[in-house]
Asker: 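Mind having a look at this structure? Questions to follow.
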Amino acid sequence: MVPGLLSTHALSVGVADRSFCHDLALTVQPGECLAILGRNGAGKSTLLSVLAGLRPPAAGAVLLDGASYERLGARASARIRGWLPQSRSEAFSSTVLETALVGRHPHLARWDWESEKDARIARQALAAVGLAELAARDVQTLSGGEQQRLSIATLLAQAPRLYLLDEPLAHLDLNHQMATLELFAALARDEGAACVMVLHEPGLAARFCTHALLLFGDGTTQQGTCDEVISSDSLSRLYGYPLREVGEHGQRWFMPA
Ligand SMILES: Nc1ncnc2c1ncn2[C@@H]1O[C@H](COP(=O)(O)OP(=O)(O)OP(=O)(O)O)[C@@H](O)[C@H]1O
């Protein structure tokens, strides 16, 4: 059996006395984009941080390319998976380019400086999110949306095979939301990467992702292809609000009924 770029076995995740998922068997293959959907507090970020190897599960295992995080170690893990946290504010003064270059660190030997090639990759990543012209700017002067795009560029510079994205659309205007989703969908479709992303807009999940995982907040989950899992019935239950599906040009949107 192909292990999957990311797989979980009998995974249980929760905090205190709450369970967010129980006995979860998840497999994400190269080329796939998985959307994680659920209400505020349903455990999406907590699950994503377990998938990223940043906190231990209550039970079960997470495997990257068939190996545990413990076996891979931090540096090898960081060459396979990258994590976009929900929000990041820059505590120290540095330039936009220097920050994007941090993404290259898992690829450097312990005492190496970044090479010209690393700088080129970081500049390409900045260009991909429309920040090329701000390369020399102090990060502390960036707007919220620009900071978010810099975090995405830093992740692109890291060039992992698996992108774990916690609300990648946070702070972004509509134009940049679409560009960001196109970018990650293209990385999966054209370059064999895989993405797992926490989203709050099921219509965008249905449009850009291949698969979805619904977290109902009580430990129960539903997963499958977007066509199987994303429907007005399942979403009405998920969000606790009646939704109706509206279709146009082959796209599906979900409106509050
Ligand atoms: N240390 C903790 N002790 C108790 N509860 C916690 C702890 N850490 C997180 N929680 C709770 O766990 C729940 C899940 O948090 P999480 O950030 O994973 O939710 P989420 O689905 O990502 O929410 P959102 O959509 O609001 O970002 C929340 O209700 C949060 O308050």
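Start at 1 and go down the list; that is how both ligands and their atoms are numbered.
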Asker: Going by the side-chain contact (heavy atoms from CB on, under 4.5 Å) test, name the single residue among Leu64, Val28, Ile80 that passes it with Leu5.
Answerer: Ile80
Asker: When the side chains of residues 44-59 are checked against the rest of the protein, which donor-acceptor pairs come out under 3.5 Å, sequence neighbours left out?
Answerer:
residue : atom : partner : partner atom : Å
Lys44   : NZ   : Gly38   : O            : 3.2
Lys44   : NZ   : Arg39   : O            : 2.8
Ser45   : OG   : Gln86   : NE2          : 3.0
Ser45   : OG   : Asp166  : OD1          : 3.3
Ser45   : OG   : Asp166  : OD2          : 2.7
Ser49   : OG   : Ser45   : O            : 3.3
Ser49   : OG   : Thr46   : O            : 2.8

Asker: Who are the ring pair (Phe, Tyr, Trp, His ring centres under 6.0 Å) partners of Phe20, not counting sequence neighbours?
Answerer: none
Asker: Taking 4.0 angstrom as the limit, do Arg161 and Asp65 come out as a salt bridge?
Answerer: yes
Asker: Without placing hydrogens or testing angles, list every side-chain donor-acceptor pair under 3.5 Å for residues 186-205, not counting sequence neighbours.
Answerer:
residue : atom : partner : partner atom : Å
His200  : NE2  : Glu167  : OE2          : 2.9
Glu201  : OE2  : Gly203  : N            : 2.8

Asker: State whether the number of non-hydrogen atoms from other residues, nucleotides or ligands found under 6.0 Å of Arg252 atom CZ is greater than 12.
Answerer: yes
Asker: Residue by residue, ordered by chain and number, which ones reach under 4.0 Å of ligand 1 with a heavy atom?
Answerer: Val15, Arg18, Phe20, Arg39, Asn40, Gly41, Ala42, Gly43, Lys44, Ser45, Thr46, Gln86, Glu167, His200
